[in-house]
Each structure stands twice: as C-alpha cells, then as structure tokens.
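To keep things clear, I will list the structure first and then write my remarks on it.
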Amino acid sequence: MTALDARKARAVASLPAAEVARLERTAQSFFDARVADEIDRSRPERVAVEARERATLDDAYVSALEQVRNPSFPPGDQDPKTAESELDRVFLRLMNCSNVPETEGATSGAISRANIRNTERLWREYRDAWAELGVAVRSDGGSGRWRAWAARERTRMLAGLADGRCP
C-alpha cells in the first residue's frame with residue numbers, strides 16, 4: 001500500500017460508504033478521461049506529463065477527502081451560479097477556439113473539443129458526487145458550496161488548456 005493509499009483509507013474510514021463509492025467511481029472515470037483526453041499526447045514528453053497530472057489529481061482528491069469534515073472546507077464563499085458561469089465561459093472559449101480541433105483528426109493524441117466535452121460530462125458526475133458526499137457528511141450549507149468549489153477547480157483545469165491556445 002502506498003502512502004497515498006494509506007491516507008485515502010484513513011480519510012474515508014468514517015465517511016458514508018455509498019457516497020464514497022460513487023465518488024470513487026466518478027473520480028476514476030473523470031481522472032482517466034482528464035489524463036487521456038486533456039493532455040496533448042502528440043508530444044514526446046507526454047508520458048511524464050500524464051503521470052504528473054494523474055499524481056496531481058490523485059493527491060488533490062485525497063487531500064480533499066481528508067478535509068471533508070472540516071467546516072472551513074471547501075474553501076471560499078463564491079456563489080455556485082457565479083462559479084458555474086465562469087466555468088461555462090472558459091468551456092465555451094475552448095469550444096469556439098479555432099486552435100482546438102473538433103476531433104483528433106490527423107494529429108493523433110491532440111486535444112480536441114470532442115474529448116473536452118466528454119471529459120466535462122464525466123467531471124459533472126464527479127462534481128455531483130462530491131456535493132452528495134459533502135451534504136451527507138455535513139449539512140451546513142447544502143450542495144452549493146461543494147459545487148462552487150468543484151467548479152473553481154475545473155475552471156483552473158480548462159483555463160490551463162485555453163491559455164496559449166485560444167485568444
């Protein structure tokens with residue numbers, strides 16, 4: 001068992017099993033898609049970049065699980081609608097970007113709008129699973145705070161894809 005696995009086991013030990021199981025399923029699906037479809041695999045250094053991204057996702061996930069019971073987590077007090085609007089703005093920027101092809105096409109492994117859309121769909125399931133777990137563990141504010149936090153995290157990911165590609 002790795003140190004990360006041990007941290008995760010401790011973090012989920014007292015959390016509601018059904019919500020944790022759903023979160024785990026959606027996390028793995030989203031993380032797999034993020035690494036496979038939102039990392040430019042046409043570059044020679046792709047293996048190292050993919051490994052680094054997966055490690056970052058896994059560590060952030062476990063860190064968040066460790067904080068679920070903390071009343072100051074998730075951080076921030078941003079309105080969920082504002083957070084989702086910002087996410088939608090960045091997502092649409094990518095969907096309208098001429099430097100991001102609709103499909104991989106001739107450049108195998110390139111990031112495409114189709115792949116981003118698929119990953120976004122999986123992310124929405126992941127976001128909803130976080131909100132369900134958060135509400136099941138703490139009823140101090142409903143799902144909005146969890147959804148806003150997840151939207152801010154996803155916005156950072158998509159902004160990273162858009163920066164340098166999309167005017």
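Keep in mind that the numbers below use all heavy atoms, side chains included, and drop hydrogens, waters and symmetry copies.
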Any donor-acceptor N or O pair under 3.5 Å, side chains Glu66, Tyr61: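 No.
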
Side-chain donor-acceptor pair present, Ser63, Arg7, cut-off under 3.5 Å: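 Yes, side-chain donor-acceptor contact under 3.5 Å.
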
Check whether any side-chain heavy atom of [X] lies under 4.5 Å from a side-chain heavy atom of [Y], and answer yes or no.
| X | Y | result |
| --- | --- | --- |
| Leu133 | Val20 | yes |
| Lys8 | Glu24 | yes |
| Arg69 | Val137 | yes |
| Val90 | Leu161 | no |

Would you call [X] and [Y] a salt bridge, taking side-chain N to carboxylate O under 4.0 Å as the test?
| X | Y | result |
| --- | --- | --- |
| Arg156 | Glu153 | yes |
| Asp128 | Arg124 | no |
| Asp32 | Arg54 | yes |
| Glu38 | Arg154 | yes |

Nearest heavy-atom pair of [X] and [Y]: which atoms, and what distance?
| X | Y | answer |
| --- | --- | --- |
| Thr103 | Ala114 | CG2-CB, 4.4 Å |
| Ser112 | Val100 | C-CG1, 3.8 Å |
| Ala150 | Trp123 | O-CZ2, 3.4 Å |
| Val135 | Gly142 | CG2-C, 3.5 Å |
| Pro80 | Ala148 | CA-CB, 3.8 Å |

If you measure from [atom1] on [X] to [atom2] on [Y], what distance do you get to the nearest 0.5 Å?
| X | Y | atom1 | atom2 | result |
| --- | --- | --- | --- | --- |
| Leu87 | Thr82 | CG | OG1 | 12.5 Å |
| Phe31 | Leu122 | CZ | CG | 11.5 Å |
| Ser85 | Asp79 | OG | CG | 8.0 Å |
| Arg52 | Glu45 | CZ | CD | 8.5 Å |
| Asp88 | Lys81 | CG | NZ | 12.5 Å |
| Gln67 | Asn70 | CD | CG | 5.0 Å |

I'd like to know if the side chain of [X] reaches the main chain of [Y], judged simply by a donor and an acceptor atom lying under 3.5 Å from each other, with no hydrogens or angles considered.
| X | Y | value |
| --- | --- | --- |
| Asp5 | Met1 | no |
| Arg127 | Ala151 | no |
| Arg165 | Cys97 | no |
| Arg147 | Ala83 | no |
| Arg25 | Tyr126 | no |
| Ser29 | Thr26 | no |
| Arg138 | Phe73 | yes |

Option among Glu120, Glu86, Arg93 that satisfies the side-chain contact (heavy atoms from CB on, under 4.5 Å) test with Leu158: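 Among Glu120, Glu86, Arg93, the one that satisfies the side-chain contact (heavy atoms from CB on, under 4.5 Å) with Leu158 is Glu120.
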
Check against side-chain contact (heavy atoms from CB on, under 4.5 Å), Leu23 and Leu65: CA-CA 10 Å; Leu23 178 61; Leu65 284 169; 3.9 Å; yes

Steps toward side-chain contact (heavy atoms from CB on, under 4.5 Å) verdict (Arg152, Thr155): CA-CA 5 Å; Arg152 287 190 305 272; Thr155 300; 5.6 Å; no

Derivation of the side-chain contact (heavy atoms from CB on, under 4.5 Å) call for Phe91 and Arg117: CA-CA 9 Å; Phe91 180 77; Arg117 275 191 300 273; 3.7 Å; yes

Cluster overlap Leu94 with Leu92, hydrophobic side-chain contacts below 4.5 Å: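 Cluster IDs for Leu94 and Leu92 differ.
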
Residue list, side-chain hydrogen bond (donor to acceptor under 3.5 Å, both in side chains) with Asn99, at least two apart or on another chain: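 Asn99: no side-chain hydrogen bond (donor to acceptor under 3.5 Å, both in side chains) contacts found.
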
Asp58 and Leu4: CA distance, side-chain angles, deciding distance, side-chain contact (heavy atoms from CB on, under 4.5 Å) verdict: CA-CA 8 Å; Asp58 287 338; Leu4 187 67; 3.7 Å; yes

Whether Trp130 and Trp146 hold their rings parallel, tilted or perpendicular, with breakpoints at 30° and 60°: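 Judged by the thresholds at 30° and 60°, the geometry between Trp130 and Trp146 is parallel.
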
